Amino acid sequence: MSEATILVSGAGPVRVLTLNRPASLNAFTAQMHGVLLPALEEAAADPGVRAVILTGAGRGFCAGQDLSDPSMVGSGGPPDVGAVVDRYYRPLATRVRTMPVPVIAAVNGVAAGAGANLALCCDFVLAARGASFIQAFSKIGLVPDCGGTWLLPRLVGRARAIGLAMSGDKLPAEEAERIGLIWRAVDDASLMDEAMKLATRLAAMPSRALAETRRAIDTSMTMEFGEALRLEASTQGELGRAHDFAEGVSAFLTKRSPTFKDR
Ligand code: T3D
């Protein structure tokens, strides 16, 4: 039997999903998509899961689309790349971006093409200092996908978004941190410890409020200030009636640690 393309492991409330095609730098095949999305759905539906880590096996994080996967390339005539993006990358990016719990990319090595943008879809990107990010699309005549055109300018501004996307140059992890593309670059050897530490901390926080924070910040990008203020008020209205707010306030006032449970 062939080895699993996605490894699922967990430590308490933290679910770890490892892309596992190391010989191809964990490039995406249709088969791997067919396992990753359900694994994310499963984590989203499991009330015991309160943080997710995405990482890669071997020396790479993910080299994007597997350019040799026959099920993607098709047979005869030009491939329908749009259909591949629609079928696989759009649902994947949407799922990551709407998870009910925080998602951390632990980028262990090169992240190229859709692999880079899958990482950037996550709430936190921790990268090993030896890792790098490549918007490889321009080199094969495509535009950034898996959310890249939306994410890049919002993370690093238009000039750098255009520079990274058009040049397809390799951006080392420390430079990615310096320009605000990612959260932190860490020593290679401590990547998973740091990711687990962060995930454990986030798992103890009010998940629903964290997911609403992501939604409010993402949707605010296309809103007028007044509209964002109204969204803040309505979101606070809902969160204020939920368990976690009462628990957070009670814990503060009675000087104890809170136990959050909303998702
Ligand atoms: O249908 C669609 O295409 C739509 C979807 C598009 C989304 C996309 O992601 S498009 C972008 C696709 N990705 C790329 O173009 C990246 C291609 N890879 C590279 O440029 C380089 O491999 C890296 C810069 C990422 C790493 O370079 P390096 O020198 O560290 O490693 P390498 O020797 O190039 O790769 C190691 C092995 O992985 C090698 O196999 P081999 O020769 O040892 O048998 C290489 O062929 C394989 N590999 C790397 N990337 C891919 C790949 N095999 C298939 N597809 C890949 N994307």
Side-chain angles (χ1 to χ4, degrees), residues 2-7 17-37 40 54-97 105-122 125 127-153 155 161-176 181-182 185 188 191:
S2 60
E3 213 183 334
T5 51
I6 301 293
L7 303 177
L17 304 179
T18 303
L19 312 181
N20 189 39
R21 299 186 66 239
S24 313
L25 304 179
N26 305 314
F28 269 108
T29 56
Q31 194 278 341
M32 189 163 118
H33 277 292
V35 183
L36 180 57
L37 190 60
L40 286 164
L54 271 182
T55 192
R59 73 174 178 91
F61 173 72
C62 176
Q65 171 64 31
D66 187 314
L67 299 172
S68 65
D69 183 13
S71 58
M72 302 280 210
V73 172
S75 55
D80 190 346
V81 179
V84 171
V85 171
D86 232 19
R87 175 161 178 196
Y88 296 106
Y89 292 100
R90 191 159 64 85
L92 177 62
T94 305
R95 179 64 280 181
V96 170
R97 212 66 192 173
V107 179
N108 51 301
V110 66
N117 294 337
L118 171 64
L120 300 182
C121 281
C122 296
V125 184
R129 284 188 216 291
S132 55
F133 297 82
I134 308 175
Q135 294 295 321
F137 309 89
S138 59
K139 295 180 176 169
I140 54 169
L142 295 178
V143 298
D145 60 25
C146 200
T149 59
W150 191 92
L151 292 161
L152 287 169
L155 289 166
I162 292 276
L164 291 169
M166 286 196 182
S167 72
D169 283 349
K170 180 186 276 201
L171 186 73
E174 283 183 331
E175 183 66 0
L181 186 72
I182 66 167
D188 293 25
L191 176 68

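None of the values given here were measured: they were computed from a predicted structure. In what follows, residues are counted from 1 in the order of the sequence shown. Numbering of ligands and ligand atoms starts at 1, following listing order.
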Exercise. Looking at D66, which atoms of ligand 1 are within less than 4.0 Å of one of its heavy atoms?
Worked result: 54 (C), 55 (N)
Exercise. What residue and heavy atom of the protein are closest to atom 55 (N) of ligand 1, and at what distance?
Worked result: L67 N, 2.9 Å
Problem set entry | Protein residue, atom and distance nearest to atom 53 (N) of ligand 1, heavy-atom basis | S24 CB, 4.2 Å
Exercise. Do L36 and L54 come close enough that some side-chain heavy atom pair is under 4.5 Å?
Worked result: yes
Exercise. Heavy atoms of the protein only: does one fall short of 4.0 Å from atom 13 (N) of ligand 1?
Worked result: yes
Seminar exercise, completed: One finds that the ligand 1 atoms under 4.0 Å from a non-hydrogen atom of F137 are 7 (C), 8 (C), 9 (O), 10 (S)
Problem set entry | Within reach of ligand 1, part of A23 (heavy-atom separation under 4.0 Å) | backbone
For this session: Determine if the distance from atom 34 (O) of ligand 1 to the closest protein heavy atom is below 4.0 Å.
Result: no
Problem set entry | Where ligand 1 meets G64 - atom numbers and elements under 4.0 angstrom, heavy-atom basis | 9 (O)
Problem set entry | Min N/O separation G113 to ligand 1 under 3.5 Å | no
Exercise. How about L120 and Q135: do any of their side-chain heavy atoms sit closer than 4.5 Å?
Worked result: yes
Exercise. What protein heavy atom is closest to atom 57 (N) of ligand 1, reported as residue, atom name and distance in Å?
Worked result: Q65 O, 2.8 Å
Problem set entry | G147 backbone acceptor or donor facing N117 side chain under 3.5 Å | no
For this session: Would you give the length of the straight line joining atom CD1 of I140 to atom CG of L67, rounded to the nearest 0.5 angstrom?
Result: 5.0 Å
For this session: Quick one: look at A63 and ligand 1, take heavy-atom pairs under 4.0 Å, and tell me if it's side chain, backbone, both or neither.
Result: both
Exercise. How far apart are the closest heavy atoms of F61 and A106, and which atoms are they?
Worked result: CD1-O, 3.8 Å
For this session: Could you tell me whether atom 41 (P) of ligand 1 has a protein heavy atom closer than 4.0 Å?
Result: no
Exercise. Which of the atoms in ligand 1, numbered in the order shown and given with their element, are less than 4.0 Å from a heavy-atom of V84?
Worked result: 1 (O)
Exercise. Any protein heavy atom sitting closer than 4.0 Å to atom 46 (O) of ligand 1?
Worked result: no
Problem set entry | Protein non-hydrogen atom found under 4.0 Å from atom 20 (O) of ligand 1 | no
Exercise. Taking N20 for the side chain and L7 for the main chain, is one N or O donor matched with an acceptor at less than 3.5 Å?
Worked result: no
Problem set entry | Side-chain H-bond candidate by donor/acceptor type, Q65 with Y89, under 3.5 Å | yes
Exercise. Any donor-acceptor pair under 3.5 Å linking the side chain of K139 with the backbone of G168?
Worked result: yes
Exercise. Could you go step by step and tell me if V125 and F133 meet the side chain to side chain contact (heavy atoms under 4.5 Å, CB included) rule?
Worked result: CA-CA 11 Å; V125 184; F133 297 82; 4.0 Å; yes
Exercise. Any donor and acceptor pair, going by atom type alone, linking the side chain of D66 with main-chain N or O of F28 inside 3.5 Å?
Worked result: no
Problem set entry | Per atom 24 (C) of ligand 1, closest listed option by heavy atom (I140, I134, V85, D145) | I134
Problem set entry | Side chains of T149 and F137 in contact at under 4.5 Å (non-hydrogen atoms) | no
Problem set entry | Under-4.0 Å heavy-atom contact between protein and atom 29 (O) of ligand 1 | no
For this session: Using a 4.0 Å heavy-atom cut-off, say whether F28 meets ligand 1 through its side chain, its backbone, both or neither.
Result: neither
For this session: May I ask you to identify the nearest protein heavy atom to atom 25 (C) of ligand 1, giving residue, atom name and distance to one decimal place in Å?
Result: A112 CB, 3.8 Å
Exercise. What distance do L181 atom CG and E175 atom CD have between them, rounded to the nearest 0.5 Å?
Worked result: 10.0 Å
Exercise. Is there side-chain contact between I6 and L19, with heavy atoms separated by less than 4.5 Å?
Worked result: yes
For this session: For Y89 and ligand 1, answer yes if some heavy atom of the residue is under 4.0 Å from a ligand atom, otherwise no.
Result: yes
For this session: Using a 4.5 Å cut-off on heavy atoms from C-beta on, say whether the side chain of D188 contacts that of N108.
Result: no
Seminar exercise, completed: Counting from 1 in the order shown, the ligand 1 atoms closer than 4.0 Å to a non-hydrogen atom of V81 are 1 (O), 2 (C), 4 (C)
Seminar exercise, completed: Among non-hydrogen protein atoms, atom 23 (C) of ligand 1 lies closest to L25 CD1, 4.3 Å
Exercise. Is the backbone of C121 close enough, under 3.5 Å, to the side chain of R97 for a donor and an acceptor to pair up by distance?
Worked result: yes
Exercise. For atom 5 (C) of ligand 1, is the nearest protein heavy atom closer than 4.0 Å?
Worked result: yes
Exercise. In the protein, which heavy atom is nearest to atom 32 (P) of ligand 1, and how far is it?
Worked result: R59 NH2, 4.0 Å
Problem set entry | Protein non-hydrogen atom found under 4.0 Å from atom 2 (C) of ligand 1 | yes
